[in-house]
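Just so you know, these numbers use all the heavy atoms, side chains as well, and skip hydrogens, waters and symmetry mates. Chain naming here is simple, since letters A, B, ... match the order of the sequence lines and numbering starts at 1 in each.
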Amino acid sequence: MAISLDRKTAAIYAGAALLRLLVLVAFPDLSDFLGEQVEISTPISSFKRLQEGLFLYQHGLSPYDGGVYHQAPLLLVIFEILPSALVFVALDLSNAASLHMIAEGLHLPTPRFRKLDGSIIAAAYLFNPFTILSCLGKSTSIFTNTAIIQAVLNAQSGNAFRAMFSLAIGTYLSMYPGLLLPPTLLMILKNKSQSTAGPILIMSYLGALAALLSATLVLTDGFWDFISSCYGAQLTVTDLTPNVGLWWYFFIEIFDSFRDFFIGVFWLHLAGYVGGLTLRLQDQPLFVITSLLGLFAIFKPYPSIADVSLYLGFLPMYSHILPLTRYTFIAASVLLYSTLLGPAFYHLWIYAGSGNANFFYAITLVWSLGLTILVGDTLFAVLRDEWEIERPEMRGKSVRQI
Amino acid sequence: MEKLSAEPPTVVSASTSKQPPPEKPEAVSLRTKIVLSFWAVILFLGLPTWWQTTSIYRADLPLQDMLNWADGFNTPTAIPLHIWISSPHISCSDAERIVRDTQQALDDLNEYPTLHQRLHLVNSRPSGQADKKEKGPLRTSCGEDTSSPSLGDPALKVHLEPANEGFAFELDPVIAEAVVRVPRNAATNTSQQLAEHLYGLFREEQIAAALQTVSLASHSQHAQAFLRSQPYDRVTKIEKQVNRAYKSSPEFHLTFSLFTASGAPSSWDVQDALKEHISPLVQALSSTSKFDVTTQIQLYSSYSPAIKPIIKDGLEGTFLQQKDLTAFVNAAEWPLAPSIGYGPTINFILYVPAKDEIPLRIDGVEGTSWLIPQWGGIQILNPPLSPDAIHGVVSLPPHLTKDLLRQPFEAFASQLLSVLGVPQADQFGKVLPLQLRLDVYKRFSTFTLYLKAASSLGSLARLAQRLSNIPIPKHVAELVDDAIGNLTAARHAFLESRWDSALTHSEIAYSDSEKAFFDKSMVGQVYFPDEHKVAVYLPLLGPIGVPLLVGLLRELKRFATRMRGLRK
């Protein structure tokens, strides 16, 4: 599916590209500054750490030697060849274009749904301040985001194997996209034009993952260094640098003997939603993926605003449920409020010394609360929408859950 | 919780006039599936995780063995103290009779078997020489061969000399040997006197060993009985000595510090002083413990500000009150480093007061040095004031010479010995030969380390029994096995009176048992009782658990009613 290039679309893409390149070229300091903000770069997505790994890699050492780099070695190859500014801008634009195409091809079985204008969805992604900031801060989460968006796009348009490969890339880069396998499979299998059986798809996913992992053997000598440093860091949360998530403070405070157990609990909590949501919203796999992305942005070990930008990239496709939501104003204001106060409290704690860790942690709790309200509210709205299809006579009546 | 909203919204209209329509069967089965999907994660992933991450690894410890060691069941009841008697100039039969009678008398004096003296008549010449040169049957048959392994290390070598005058017992001033003059018209009296001398020589050591046994092992009736048979004041005196001394350890750090109240003196000839006074002692003690020596100079480091020295009319200088001496150390400001590495630090402080306080003395006492039990020694040095070369102002010397340091370091040397618990004199106040004193120290140290290692093992065993929720890592079990092995080896060495080997094994056993008892991974959970776990689990898992549990119960209830309906 091609994007129709009218003047509006061209202006959106050109404007977004220009804005990003202008800032990256004219204010390189701003990019460095943003790259050091804890809200934008986490231990597993920091561009600064990637440069450290790249330096070691280019000098023939294992990139994991310093204990600083926790990302996949494939990224090293990309940045060895290409200039970083271009890579980030291009990925952002390609993500927007993919979202554009997903939106254009989307048909939801509800009377409220109107045909979407893809360029609006792309604009909502490209001019979302979270997207812009994480692009300028060169958060490498964008690679994972691209992989997820590509998986969704290909699943929607029926390219089952490409979808599986994209998902495998996402899993290889940062593990958690593996949890999106059930809804993606569902999305592929619901597609009428698709005839490949589920087990074959799962096999192809696993095969692609194995191929990517074995490619590591070619790139670096220390395969186990890579596993322990890239996935071990996420599984055991060794680096407790503050971020917008809920893990770092909890694992600073928890008794040592319970640490392993609660890491297990947190991960299972993340995984627990997949089955329930996929079963409940069988008819709308895209919304399952969207909601899961929202949940991941709250509950994953090292979240950043790049994850939120991905969630907010998908969410506008469900703008038709907006009349059914109840707390969008609260969610929006809470997010806005914590976005502004978060950096201020971090500054108070780390630089001014007039606050303590609780200031920042409290604001990240508020941030997570805002996202939780948003996820829960949209979920409610979609379910209400479903129910209204079932019982058209109840439109507009207030409901309560029993 | 999004989960709640993820469950199917069974919804009623706000106008409650009509009942909600019944749920569709698909909706019901979907809900069952969703509840089951959450519970599948909990059961198939959550439970194994819980089991894997919170199970406590407890290596098998030989608990009963460890308790037996601590209770003293395995402590050798008789640790012989061998005394070699040679008598080159007395006829063999006479010598044998004297030895036999003396042993008899010793046994009568004292029944306590630990460090009990055993007399052996030995062949005074080395066996090789005896075989080659003197072939006489008389000499070779007289006494045991010194190289015989059953003899062990001698605590004392006694030479019997025939004499015309009366009985005399003369100790060598340095080495552990004694010359005993035996009157020719020997009567049983001689043996009695000899026995009393020998008994007196080792009596304090025996009392100290008994005291240690009582304090560290739980089965100590023999030792208690022995202590009761001894005069009370003597026992308390030795108890004080033992308490004053540092606990035995395989390693010590000695720190010599010069603290000056003002900016001078700022240097001292400490290397020479150490070489002259401390090194020989350290050398001699090195067979028992390892010693590290460090030195430091700290300027403008006055004593504790709580102390107010007094000024007496008619006497120059200032006086410290005796009650203040224990508080003299300025613990807040003096950088008396905590132990570096393994083993305790013994501090020796040379304090030079400010010019206006000189001479600083102790009220009512002649000397200016004192000992702080289990800590170290302090010495106040009042250096001679000399006029400044340029201004002619009287000031403190900038450098402490070797001569000025002689007296303080002699004091430090004797303080070191008493802080370590090396005995000074015998029961009559007569100074003992150095080798004998060091040997006594070595034996006492060995015995203490041995008892302490056993006692630590017992504490560990009791800890493991009492606290069923502490982990016991594999390496702790290995350390315990190692410690028991070394204790057994030390026990054999004790029985054979091989003190060097006993010391080596006791030291290893001691450090192993301490390492095992204080292992970091074990103590973490000592203070974490089971009821606290509820406080960790409940607030964190409760909010998630309640909706899940309610969902499961509802499903089960529905399932039960349906089964009942089917049966009808």
- Report the distance from atom CG of A/Leu268 to atom CZ of B/Phe44, rounding to the nearest 0.5 Å. 13.5 Å
- Query: If every non-hydrogen atom of A/Gly276 is compared with every non-hydrogen atom of B/Ser37, which pair is closest and at what distance?
  - Reply: N-OG, 3.4 Å
- Query: Does B/Leu541 reach the side chain of A/Val265, with side-chain heavy atoms less than 4.5 Å apart?
  - Reply: yes
- Rounded to the nearest 0.5 Å, the CG atom of B/Leu30 sits from the CZ atom of A/Arg280 at a distance of 5.5 Å
- Verify the neighbour count for atom CH2 of B/Trp50: are there more than 12 heavy atoms of other residues, nucleotides or ligands below 6.0 Å? no
- Query: Does OH belonging to A/Tyr231 count more than 12 external heavy atoms closer than 6.0 Å?
  - Reply: yes
- Message: Contact between B/Tyr537 and A/Phe261 at the side-chain level, heavy atoms closer than 4.5 Å - yes or no?
- Response: yes
- Item | More than 12 heavy atoms from other groups under 6.0 Å of CD on B/Gln465 | yes
- Message: Looking only at heavy atoms and a cut-off of under 4.5 Å, which of A/Ala271, A/Gly264, A/Gly272 has the most pairs with chain B?
- Response: A/Gly272
- Item | Between CD1 on residue A/Ile263 and OG1 on residue B/Thr49, distance to nearest 0.5 Å | 11.5 Å
- Item | Heavy-atom contact with chain B under 4.5 Å, split by part of A/Gln282 | side chain
